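Each chain gets a letter, A, B and so on, in the order the sequences are listed, and its residues count up from 1. Only a predicted model underlies this, so the values are computations on that prediction, with no experimental measurement involved.
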Amino acid sequence: MNGLAGDLAAAFGPVAFVMFVVLNLGGILTWVERKQSAIMQDRIGANRASIFGIRMFGLLHPLADAIKMLTKEDFMPARADRLLFTLAPFVSVFFGLAAFASIPFGDTLRIAGREIELQAVTLNVGILYVLAMLSLGVFGLMMAGWASANNYALLGGQRAAALMISAEIAIGASIMGVVMVYGSLNMQEIARGQGQPLLPQIFGSWIPAWGLLTQPLAFFLFLTAGIATTKRVPFDMPEGESEIIGYFVEYSGMKFGMFAMADFLETVVVAGMTTALFLGGWQVPYLQAGGFVFPWGATVGLPHLAVVALQVGTFLFKVVVMLWILMLIRWTLPRFRYDQAMRLGWLGLFPLSILNIVVTGFILLVVSG
Amino acid sequence: MGSVIAFWILAALVVGSAVGLVVRRNPIHGALFLVVNLGGVAALYLMMHAEFLAAAQVIVYAGAIAVLFVFAIMVLIPGKEETGPDPLRAQRWLAVPLGGFLALEIALVLRSTVFTTSRSPATVPGGVEAVGRLLFTDYLFPFEVTSFLLLAALIGVMALTKRKAS
C-alpha cells in the first residue's frame, strides 16, 4: 500500500465505510421498525418473506420491499412539474446521505506510515456542515409538495418547511453550548475533548467529560429537535401517514421509497450526531492511545489497531443504542398537533437553548476563573 | 490546475443560476435557482478556505432565508405562473442606465488598490476564530447596529401582525 493506490485508499476508505454503514443501517432500520413495533405491541411482526424457506426473522423483508418498489408503476400526475417531481426524492436522499460525512467514527488511524482521520471529510467547521446538510434536506420535501400539483401535497410541504425551520433553529442554538464547552466546531476535536476527565480537581480521572454530563439540557433539546427534523412520529405532521395527507401523496414506487429512506437516513444522522456530541463519540471510558489506563492505577496495554477497532466498534454500538432509543420514542408517543409542535419549537426549545448558552457561558467563566 | 477548472465550473454555475433566477417566470423555479446560486457561492468561499463563511452562507441563506422564500411563494401563489402583462414594464428602461452605472462602479473598484495586492488564500482570515475576533473588536459597532436593525425589523413584523388580528 504505497503511492497512488495508498493515497486513494486513504481518501476513499473512510468515505466508503461511512456510505456502507449509513446505507445499511438505513435499510436495517425498516426491519427494526417492523419488529420493534411488533414486540412493543405484543405482535409477531413481519416474518413471511422467505427464500427457499429461509426466513431469518423477517430480515429478508427489506429485500422484498426493494423488489416491490422497483416493479411498481411509477406514477406522475398529469399537471405535475416533471423535472422537480423527479428531482425531489433525490434531493431528500442526497442531503440525508451527505450529512454524515463530517461525523468522526474513530480517532486517527496510523497504518503503513499514513495518518488517516477516521471521518469521511475532515472539516474545521464540521458541526456546521452537518447542520447545513440537514437544513437543505427540506428542499426535497418542499419541491415534492409543490411539484405534485396537489393542494394536499402542497399543504404537507408547507407543514414540513415550518417544522424544519423551527427544529433547525433549536438544533443550531442547542449545539452552541457544546461548541462553547469544547471550544471547537470540528467534530473530531469535540470527540477528543470528551475523552478528557470531567472536573479533575474534584473527581480525578474517574469521570470522562462526555457531552451528556457537561451539557445535559442541550442533550434533551438537541434530541427533541433532532427527532423533529427526521419528520417521524411524534413530529410526523408533514406526512401524517394515517390521517392527514402528506407531501408525498402523489409518489409511488421507488420514488416514494426514497422519501421513506431519507427519513431513516436522517434518523441515522441524528443518532450519529447525538453520539458524537453528547455520548463521547468514539471514546471508550479509560481507553487512551496506548491502551486502558484505569483511574485506580491499573493499565492494560493494547496495540494501535486494537485500540482503533475498539473505538470504531464503540461508536457503532453507541449509534445503534441511540437508534433503538429513537425507535422506542417513535412507537411510544402519539403525534403532536401542528400548533403544539410549533409552540414546542418556538416557545419551548428555542428559549431554553438560549438560556443554555447563557448559563454555559456563566459556568465556563466561573470554572476557568 | 484542478482548482482553476473547479473555479470555472463553479463560476459558470453561479452566473448561470443567477441568470435563471431572473429569466424564469415560475417563481418557485426562480427561488430554487437562488438556492443553487447561494450554494455555488458557498463552494467558492470553500475554495478560498473560508470554511466558516461557506457553512454560514449555506445555513443562513440557503437553509433558512431561501426556505422562507419558497415557503412564502407556496403560500401566496401556489403554482400559478405570472403569465399576465408586467405591470412595471415602463421601469425596464431604467435597467440600461442602472446597469451601465453598476458596470462602471465594478470597473472602478477592480482598478483600485483593493484587488491589486495579491494575497494567497491561506492568509485570508476565514476561520471562525478570525471572524469572531474581528466581529467583537474592529467591527463591533457595525455588528451591534446590524443586530439592532434586525431587532427593529422583528418588532415591526410583530406590530404589523397584531394590527391585522384586531
Side-chain angles (χ1 to χ4, degrees), chain A residues 77 79-81 83-84 87-88 91 95 98 102 121-151 153-169 171-172 175 179 183-186 229 247, chain B residues 20 24-43 45-46 48-81 122 125-132 136 154 157-158:
Chain A
R79 289 185 26 254
D81 188 320
L83 177 68
L84 291 188
L87 204 58
V91 170
F95 288 116
S102 74
V121 182
T122 310
L123 276 177
N124 288 330
V125 292
I127 198 167
L128 296 181
Y129 166 83
V130 181
L131 193 59
M133 290 302 119
L134 279 178
S135 68
L136 285 180
V138 70
F139 280 108
L141 321 184
M142 294 168 82
M143 283 159 71
W146 187 80
S148 297
N150 177 328
N151 285 339
L154 186 72
L155 285 172
Q158 288 176 359
R159 287 196 300 271
L163 177 71
M164 294 294 258
I165 290 177
S166 63
E168 251 126 42
I169 298 255
I171 287 189
I175 59 178
V179 171
S184 179
L185 291 169
N186 184 336
T229 59
Y247 58 92
Chain B
R24 293 298 298 196
R25 299 210 115 187
N26 187 323
I28 290 276
H29 288 182
L32 291 176
F33 268 121
L34 176 66
V35 177
V36 175
N37 182 278
L38 294 169
V41 172
Y45 287 155
L46 211 54
M48 291 187 276
H49 300 279
E51 291 183 340
F52 174 69
L53 271 188
Q57 163 97 357
V58 172
I59 293 174
V60 175
Y61 285 100
I65 293 180
V67 171
L68 275 182
F69 280 0
V70 177
F71 185 71
I73 293 168
M74 290 199 325
V75 172
L76 298 175
I77 341 169
K80 201 191 289 172
E81 295 186 26
V128 60
E129 295 90 353
V131 171
F136 283 101
L154 218 72
V157 167
M158 286 171 80

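With a 4.5 angstrom heavy-atom cutoff, A:L123 touches chain B via backbone and side-chain atoms both. If you measure heavy-atom distances from A:M133 to chain B, you find no contacts under 4.5 Å at all.
A heavy-atom distance below 4.5 Å is found between the side chains of B:H29 and A:L84.
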One pair to check against side chain to side chain contact (heavy atoms under 4.5 Å, CB included): A:F139 and B:L32. What are the steps and the verdict? CA-CA 9 Å; A:F139 280 108; B:L32 291 176; 4.0 Å; yes
Give the table of side-chain donor-acceptor pairs shorter than 3.5 Å for residues 55-69 of chain B, with sequence neighbours excluded, one pair per line with atom names and distance.
residue: B:Q57; atom: NE2; partner: B:L38; partner atom: O; Å: 3.3

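Interface check for chain B: of the options A:L83, A:L134, A:L136, the most heavy-atom pairs under 4.5 Å are formed by A:L136.
We find the CD1-CG distance between B:I28 and A:D81 to be 9.0 Å, quoted to the nearest 0.5 Å. Here the CD atom belonging to B:E129 is positioned 8.0 Å from the CG atom belonging to A:N124, to the nearest 0.5 angstrom.
When all heavy atoms of A:M142 and B:M74 are compared, the closest pair comes out as O-SD, 3.9 Å.
Remark: the backbone N or O of B:F71 is not paired with any side-chain donor or acceptor of A:Q158 at under 3.5 angstrom.
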